[in-house]
Number of protein chains: 2
Amino acid sequence: MRRSAEDTKATILAAARERFAAEGYDRATIRAIATDAAIDPAMVMRYFGNKEKLFAAAADFDLRLPDLAGVPRDQVGTTLAAHFAERWEADEALMVLLRTAVTNEDVAGRMREIFSGQLAPMAAELSGDPASAARRAGLVATQALGMALCRYVLRLPPVVAMTRAEIAEWLGPTLQRYLLGPP
Amino acid sequence: MRRSAEDTKATILAAARERFAAEGYDRATIRAIATDAAIDPAMVMRYFGNKEKLFAAAADFDLRLPDLAGVPRDQVGTTLAAHFAERWEADEALMVLLRTAVTNEDVAGRMREIFSGQLAPMAAELSGDPASAARRAGLVATQALGMALCRYVLRLPPVVAMTRAEIAEWLGPTLQRYLLGPP
DNA sequence: TGGTCATGTCAACACCTGTTGGCCTACACT
DNA sequence: AGTGTAGGCCAACAGGTGTTGACATGACCA
């Protein structure tokens with residue numbers, strides 16, 4: 001069949017996202033991605049150059065943190081927890097990154113950039129104390145990513161069984177304390 | 001050189017643990033492990049059968065949870081957090097499992113077994129409420145593994161910078177609430 | 001001293017990977 | 001209708017992987 005270049009590129013990218021999300025960088029082969037996209041492996045190279053660049057294109061990620069300025073100060077934690085619980089499931093970008101960052105130093109660096117570029121500034125603005133803001137953001141990351149890890153990657157049954165609302169209820173107070181609680 | 005079979009086996013196992021911990025299952029090659037152990041790759045096969053069995057031998061893991069029965073009830077969280085902070089660094093078994101479970105369903109299953117065989121029973125004994133115990137244990141896992149992920153795998157700078165004592169102080173109240181707090 | 005067996009080495013296998021260059025083919029334009 | 005070109009396919013390469021079998025070699029026992 002014959003498609004426009006843009007269509008083909010988008011098809012490849014979609015297939016790549018799924019494979020990378022499900023299997024991580026190493027196990028997701030270009031051949032498998034090409035088969036999913038019903039296309040020849042050589043096309044992947046033509047459109048994306050090489051596997052690394054394909055991954056980079058598939059893994060651009062925005063936390064899309066909500067604006068917490070207008071949220072009542074004592075509900076910041078719950079709001080944030082609810083946001084994460086939704087965000088993880090909105091698309092596969094987080095899975096793509098998480099499954100790969102664990103064994104790929106470059107991608108781990110990319111997660112550090114997301115952390116310092118998106119999460120840390122939010123904590124700084126919220127707490128007003130630049131000295132402790134980075135640590136507070138780091139603690140938020142441990143809980144948020146830990147939930148993602150146990151729920152979507154390891155699939156611990158009791159964690160999978162929780163609803164998004166229950167996650168917000170349980171993690172809310174934790175994030176609240178990490179962000180705004182006593183040092 | 002010529003060694004006893006047990007010595008060789010132990011040398012291979014030590015090298016395998018390091019490689020698996022640092023690179024995960026896929027990227028840790030038998031050839032690299034053999035080189036580290038100053039030995040021929042064929043010896044690995046002779047002593048362990050195949051790569052999967054070598055991994056299984058390298059990844060047996062015991063959380064070594066402390067006995068929390070004698071701990072004052074309001075210090076359970078901090079005690080547990082301090083234990084985790086030490087346990088992660090005691091040996092490389094956790095890294096071996098974590099780096100591999102993310103892209104290997106069998107090993108993910110093994111982590112679920114560790115969870116249900118070691119962590120969940122502790123929560124059940126502690127809370128006395130079998131109905132909610134599994135969920136409470138799951139929540140503990142999200143925070144504990146999230147800390148390990150951010151500190152040792154992703155190496156988020158503010159999380160790496162924390163001392164073990166600080167980790168215990170910050171995570172203690174979280175684990176306390178997950179285990180014994182209001183539902 | 002001669003022989004046996006555990007310990008170790010070597011070379012090769014079959015397979016899979018990312019990647020490349022040449023070739024085909026359908027469509028749009030003149 | 002003829003032709004240029006963008007979109008697509010095929011076959012192959014070079015390198016790395018787990019794994020295997022045949023062969024060497026040292027230590028120990030009769």
Side-chain angles (χ1 to χ4, degrees), chain A residues 1-59 96 99-107 110, chain B residues 1-59 96 99-107 110:
Chain A
M1 226 226 284
R2 188 135 174 150
R3 300 173 272 201
S4 87
E6 284 310 309
D7 282 359
T8 305
K9 218 173 159 181
T11 306
I12 294 172
L13 207 52
R17 283 214 177 87
E18 273 191 43
R19 283 279 174 180
F20 282 138
E23 309 180 348
Y25 185 82
D26 287 319
R27 288 176 119 98
T29 69
I30 290 209
R31 281 172 162 86
I33 292 167
T35 302
D36 290 353
I39 221 161
D40 191 272
M43 297 306 291
V44 179
M45 309 308 292
R46 189 198 286 294
Y47 285 120
F48 291 93
N50 59 33
K51 190 181 182 183
E52 270 193 35
K53 289 179 188 166
L54 172 63
F55 179 86
V96 171
R99 277 232 160 78
T100 301
V102 166
T103 47
N104 184 314
E105 180 53 28
D106 286 348
V107 179
R110 196 142 161 191
Chain B
M1 227 226 284
R2 190 140 173 140
R3 302 173 271 202
S4 87
E6 285 310 310
D7 283 358
T8 305
K9 219 174 159 180
T11 305
I12 294 172
L13 206 52
R17 284 212 176 89
E18 273 191 43
R19 283 280 176 179
F20 282 137
E23 309 180 349
Y25 185 82
D26 288 319
R27 287 176 120 97
T29 70
I30 291 208
R31 283 173 161 85
I33 292 168
T35 301
D36 290 353
I39 221 160
D40 192 273
M43 296 306 290
V44 179
M45 310 308 293
R46 189 198 285 293
Y47 284 120
F48 291 93
N50 59 31
K51 191 181 180 181
E52 270 193 35
K53 289 180 188 165
L54 171 63
F55 180 86
V96 171
R99 277 232 161 78
T100 301
V102 166
T103 47
N104 184 314
E105 180 52 29
D106 286 348
V107 178
R110 196 141 163 191

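Labels below follow one simple rule: chain letters A, B, ... track the order of the sequence lines, proteins then strands, and each chain is numbered from 1.
- Taking atom CE of residue A:Met45 and atom C1' of nucleotide D:dG7, one finds them 17 Å apart after rounding to whole Å.
- Results of the side-chain contact (heavy atoms from CB on, under 4.5 Å) test with B:Tyr47 over B:Thr8, B:Ile39, B:Leu13, B:Leu54 single out B:Thr8 as the only residue that passes.
- Residue B:Met43 contributes atom CE, which lies 14 Å from atom C1' of D:dT20 at whole-angstrom precision.
- Partner of B:Ile12 under the side-chain contact (heavy atoms from CB on, under 4.5 Å) criterion, out of B:Asp7, B:Val44, B:Ile30: B:Val44 alone.
- Side-chain N or O atoms of B:Arg99 include one that pairs as donor or acceptor with a backbone N or O of B:Ala21 at under 3.5 Å.
- Here C:dT17 presents its P atom at 11 Å from CG of B:Asp26, a figure rounded to the nearest Å.
- Distance, B:Arg19 CZ to D:dG18 P: 12 Å, rounded to whole Å.
- For the pair A:Asn50 CG and D:dA14 P, the computed distance is 20 Å after rounding to whole Å.
- Nucleic acid contact class of A:Phe48 (heavy atoms, under 4.0 Å, all strands): none.
- In the set C:dG18, C:dT7, D:dG7, the nucleotide with an atom closest to the side chain of A:Ala5 is D:dG7.
- The two residues B:Thr103 and A:Glu23 come nearest to each other via the heavy atoms CG2-O, 3.4 Å.
- An OP1 or OP2 oxygen of C:dG8 is reached within less than 4.0 angstrom by a side-chain nitrogen or oxygen of B:Thr8.
- Atom P of nucleotide D:dA6 and atom CG of A:Asp7 are separated by 17 Å, given to the nearest angstrom.
- In this entry the distance linking CD of A:Glu52 with P of C:dT17 reads 18 Å, nearest Å.
- Ranked by how close their nearest DNA chain D nucleotide is to the 5' end, A:Arg46 and A:Arg31 are led by A:Arg46.
- In this structure, CZ in B:Phe20 is found 7.0 Å from OG1 in B:Thr100, a value given to the nearest 0.5 Å.
- Side-chain proximity of A:Ala42 to C:dT19, D:dC9, D:dG18: nearest is D:dC9.
- When distances are taken from the side chain of B:Lys51 to each of C:dG18, D:dT19, D:dG8, the shortest belongs to D:dT19.
- Following rounding to the nearest Å, B:Ile30 (CD1) and C:dT9 (P) show an atom-to-atom distance of 16 Å.
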